[in-house]
Amino acid sequence: MLNIEVQLCGLVFDIILIFFILRHESVGLYSEKIFKLCLMVYTVCIFLDITSIFAIVYSAFIPQLLTEAICKIYLVSLLMASFMGFIYTCSDVLHLRESSEFQTGIRVVLAAGVLFIMMTPISYFHSGRTVYSYGPSTVVTYIFAPMFIIGSLVFTFVYGKQMSAHRRRGIRAWMAIEIVAAVIQFVFPQALLVGFGSSIGLFILYSELENPEVYLDRITGRFSFDTFNLYLKQEFAYIKKFSSIIVCNEEDLKLDDELEKSILVEMSEYLASFANAKLFRLSNNDFALIYDTKEEIAMDEIESAVNLDVIRNRFRQPWAGNVYLDTHFLYMPNSGAVSSVEEYIDVYLRNRDSFIKEEEMKLLDDTASQHVREYKQMILEIKDAISSDRFEVFYQPIYSINTETFVSAEALARMRGRDGKLVMPDKFIPIAEETGLIEQIGEKIFSKACNCIRKYELKNKGIEYVEVNLSISQCENPMLSVKYDEIMKNACIEPRDISLEITESSTLNQKRILLDNMNKLMNLGVSFALDDFGTGESNLNYIVDMPVKIVKFDRTMIQDYFKNEKARVVMDATVKMIKELGLSIVAEGVETEEQFEKIRSMGIDYIQGYYFSKPLSENDFIKFIDEKNKITGQ
């Protein structure tokens with residue numbers, strides 16, 4: 001009986017791995033391709049190991065040159081196997097994959113090893129069940145093969161930061177098993193463990209890294225969002241062009257778990273029917289179809305555009321029998337519109353969250369990526385402006401109808417660019433709110449406003465208080481009252497000199513934290529105003545719930561009053577109700593004398609707008625108040 005039991009076990013291991021891998025669709029990652037190639041080479045190596053044993057055993061019946069050739073080819077396959085292991089290890093290190101010098105160098109080493117194996121003599125031993133080859137050719141193999149194996153281990157340490165922890169552990173375990181098996185076989189040639197050791201190493205690698213299941217979403221069985229990132233990273237690394245369709249579903253389908261899962265599975269099966277595209281399930285219940293360009297003519301763009309119309313029609317129909325979903329689509333006909341996977345993801349996420357009502361599809365072209373670049377640039381600009389103190393406070397005076405003087409002002413944030421020019425609030429405020437930077441800006445504006453009150457003794461100029469805006473994120477901060485109390489104390493001003501403007505919070509938790517902050521600050525003497533009334537964000541219920549003293553009518557509401565009869569009736573009734581609640585009203589956006597006279601006759605308390613003044617810098621504001629209120633401040 002031949003001594004091939006261990007090799008047969010290794011061969012069975014490899015065949016099982018091949019079977020499981022072939023059962024799944026391939027995503028096409030570089031490391032995935034290299035692993036499959038490794039598996040094939042190692043399987044051939046074990047087969048040649050078994051073949052060489054047969055050749056040695058039956059050497060009396062076949063030509064000696066053929067026996068030697070078979071044994072040497074087996075040794076070459078051993079060297080190739082270790083070489084492929086080295087290539088797999090380097091697959092995560094892009095600059096090595098793309099370095100012609102590195103690629104040429106390792107191929108020269110491989111070619112030299114193959115040449116020496118084939119040129120040096122080989123001998124073989126056969127006694128009973130003990131069969132093996134030995135001699136200079138075998139020694140050469142044990143010199144060159146370990147170079148690649150040890151090189152693989154070294155690379156996991158040198159370039160470890162470019163690999164995941166799983167990948168480092170898997171490769172190190174694989175190479176360690178190969179080294180142990182090789183040492184044992186070198187010391188005890190009759191123990192033919194190298195092939196089996198390699199199979200065990202590959203099995204570990206499969207379990208840790210290359211099991212196709214790790215690339216799949218558990219619910220739908222399609223490629224996952226993590227795999228989507230890996231795939232796009234590879235596409236951009238090799239400058240491959242592709243087109244893509246992203247199906248954007250609601251993050252919360254508001255269905256029970258079982259029904260939601262069945263709908264997602266039904267969707268994925270439908271989208272998977274477009275055979276020429278790779279299907280990924282993204283976060284937020286979204287799906288992406290990626291069409292690779294395989295020809296100079298962008299046939300993928302034509303195909304994806306045709307498929308998009310078909311898909312949109314299907315998604316207008318119900319799922320699971322009777323469930324209609326509000327689905328939107330993002331279509332990027334050419335990936336050249338973005339420069340990297342990070343930019344692609346940014347474009348996708350920013351656009352999926354900005355669909356307006358009735359908008360079903362967005363085309364993602366160069367303009368979309370330009371908006372993202374401007375967005376990122378603005379974030380950097382805001383951060384730099386915060387660190388270099390380039391935020392200023394402009395003040396818009398507020399007129400009292402009762403006293404016919406300016407009794408207040410709204411403090412407004414302005415950002416000075418690196419070039420010294422002012423950046424308008426609509427450019428940076430929304431981005432600051434999205435990124436959370438608005439809290440730092442808000443604190444700076446509040447501090448500067450407090451210092452202005454003290455520096456110019458605004459009370460002596462007729463300014464009873466200054467209004468400062470609070471963002472929703474500031475209102476959600478449990479430490480708001482503590483921070484603002486500290487700022488007012490450092491500025492040596494009275495809390496009654498401040499009125500904080502709030503907008504409606506959307507959740508109960510936000511409202512709870514806001515109320516807690518309001519109560520603490522009101523106990524100190526700070527008053528509150530409800531901003532943006534009439535924009536759809538604030539309503540009468542909120543006025544009842546919140547302990548505000550002032551309600552500010554938004555500019556849109558004021559302008560609509562003079563254009564729309566229904567708006568006029570609503571506003572007249574609203575003024576009456578708010579006044580009955582004992583609250584004061586500020587009308588924002590008053591621009592003409594006609595508007596001023598009409599607003600004054602309605603019983604509104606304060607007026608703010610371009611009719612009196614645009615927002616003014618600190619110095620101009622002081623000059624304006626001194627002139628209009630006839631107070632010198634001396």
Side-chain angles (χ1 to χ4, degrees), residues 354 356-359 394-414 422-430 433 466-472 499-506 528-543 546 548-581 583-616 620-621 624 628:
S354 61
I356 61 176
K357 192 176 182 181
E358 307 301 330
E359 185 180 24
F394 274 48
Y395 299 86
Q396 187 166 35
I398 298 175
Y399 180 83
S400 169
I401 292 176
N402 182 41
T403 65
E404 297 186 342
T405 61
F406 293 93
V407 297
S408 179
E410 180 177 357
L412 299 165
R414 295 291 185 267
L422 282 175
V423 181
M424 288 297 100
D426 62 330
K427 297 292 186 183
F428 69 87
I429 291 293
E433 288 176 339
V466 172
E467 294 184 348
V468 183
N469 288 282
L470 285 181
S471 67
I472 289 180
S499 175
L500 296 175
E501 295 185 8
I502 61 171
T503 54
E504 183 176 356
S505 299
S506 58
F528 284 85
L530 182 62
D531 197 16
D532 294 334
F533 188 87
T535 62
E537 296 297 326
S538 301
N539 55 59
L540 290 172
N541 287 334
Y542 208 71
I543 294 174
M546 289 290 146
V548 296
K549 291 185 177 181
I550 296 173
V551 177
K552 301 192 73 172
F553 284 180
D554 184 74
R555 177 184 180 277
T556 304
M557 188 176 182
I558 299 299
Q559 298 302 317
D560 287 346
Y561 180 85
F562 293 95
K563 298 176 183 177
N564 186 304
E565 179 63 31
K566 289 182 179 180
R568 188 174 299 120
V569 171
V570 170
M571 184 167 159
D572 286 337
T574 303
V575 170
K576 183 174 183 298
M577 286 187 287
I578 293 176
K579 297 302 291 183
E580 287 179 354
L581 291 171
L583 305 178
S584 299
I585 301 174
V586 176
E588 296 183 295
V590 175
E591 297 177 353
T592 66
E593 185 173 359
E594 177 192 356
Q595 292 174 349
F596 169 70
E597 294 298 337
K598 181 60 181 176
I599 294 297
R600 181 164 63 174
S601 69
M602 292 171 60
I604 287 177
D605 305 277
Y606 304 101
I607 294 178
Q608 176 181 349
Y610 277 29
Y611 175 68
F612 293 112
S613 173
K614 65 181 181 180
L616 302 168
D620 289 341
F621 169 67
F624 178 92
K628 298 297 180 182

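The analysis underlying the following values was restricted to heavy atoms, covering all of them including side chains, and did not include hydrogens, waters or symmetry mates.
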Could you give the distance from [atom1] ([X]) to [atom2] ([Y]), rounded to the nearest 0.5 Å?
| X | Y | atom1 | atom2 | value |
| --- | --- | --- | --- | --- |
| N469 | S499 | CG | OG | 10.0 Å |
| T503 | L470 | OG1 | CG | 8.5 Å |
| I607 | Y399 | CD1 | OH | 7.5 Å |
| I599 | I558 | CD1 | CD1 | 4.0 Å |
| L530 | I502 | CG | CD1 | 5.5 Å |
| N564 | M571 | CG | CE | 12.5 Å |

For residues 557-566, which residue pairs pass the salt bridge (Lys or Arg N to Asp or Glu O under 4.0 Å) check, not counting sequence neighbours?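 Of all non-adjacent pairs touching residues 557-566, those that pass salt bridge (Lys or Arg N to Asp or Glu O under 4.0 Å) are E565-R568.
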Just to verify, what does F621 make a ring pair (Phe, Tyr, Trp, His ring centres under 6.0 Å) with, not counting sequence neighbours?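 Once residues adjacent in sequence are excluded, the partners of F621 under the ring pair (Phe, Tyr, Trp, His ring centres under 6.0 Å) criterion are Y395.
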Kindly give the heavy-atom pair with the smallest separation between [X] and [Y], and that separation in Å.
| X | Y | answer |
| --- | --- | --- |
| M424 | F428 | O-CD2, 3.3 Å |
| I604 | I585 | CG2-O, 3.5 Å |
| E594 | F562 | O-CE2, 4.5 Å |
| A411 | V468 | CB-CG2, 4.2 Å |

Partners passing side chain to side chain contact (heavy atoms under 4.5 Å, CB included) against [X] (at least two apart in sequence or in another chain):
| X | answer |
| --- | --- |
| K614 | Y610, L616 |
| T405 | T403, V407, N629 |
| R600 | I401, E404, F596, E597 |

Give a yes or no on this: more than 12 heavy atoms of other residues, nucleotides or ligands lie within 6.0 Å of atom NZ of K598.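 No.
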Count the heavy atoms of every other residue, nucleotide or ligand shown that sit under 6.0 Å from CG of D426, and state whether that count exceeds 12.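 More than 12 within 6.0 Å, yes.
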Does either side chain, that of N402 or that of S400, offer a donor lying less than 3.5 Å from an acceptor on the other one?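 Absent: no donor and acceptor within the cut-off.
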Counterpart residues, side-chain hydrogen bond (donor to acceptor under 3.5 Å, both in side chains), relative to Q608 (two or more places apart):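 Scan of Q608 (side-chain hydrogen bond (donor to acceptor under 3.5 Å, both in side chains), adjacent residues dropped) gives Q396, E410, K552.
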Set out, in order, the CA-CA distance, both residues' side-chain angles and the distance that settles side-chain contact (heavy atoms from CB on, under 4.5 Å) for K579 and D605, then state yes or no. CA-CA 10 Å; K579 297 302 291 183; D605 305 277; 2.8 Å; yes
Indicate yes or no: at least one non-hydrogen side-chain atom of [X] is less than 4.5 angstrom from one of [Y].
| X | Y | answer |
| --- | --- | --- |
| R414 | P615 | yes |
| P397 | F624 | yes |
| F533 | T574 | yes |

Qualifying residue for side-chain contact (heavy atoms from CB on, under 4.5 Å) with S408, from I550, I398, V466: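 Among I550, I398, V466, the one that satisfies the side-chain contact (heavy atoms from CB on, under 4.5 Å) with S408 is I398.
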Tell me, with the steps shown, if F406 and F612 meet ring pair (Phe, Tyr, Trp, His ring centres under 6.0 Å). CA-CA 10 Å; F406 293 93; F612 293 112; 5.3 Å; yes
Using modelled atom types only, decide if a donor and an acceptor are shared between the side chain of Q559 and the backbone of G589 within a distance under 3.5 Å.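 Flag set: sc Q559 to bb G589 pair under 3.5 Å.
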Walk me through it: do K576 and E580 pass the test salt bridge (charged side-chain N to carboxylate O under 4.0 Å, His left out)? CA-CA 6 Å; K576 183 174 183 298; E580 287 179 354; 2.6 Å; yes
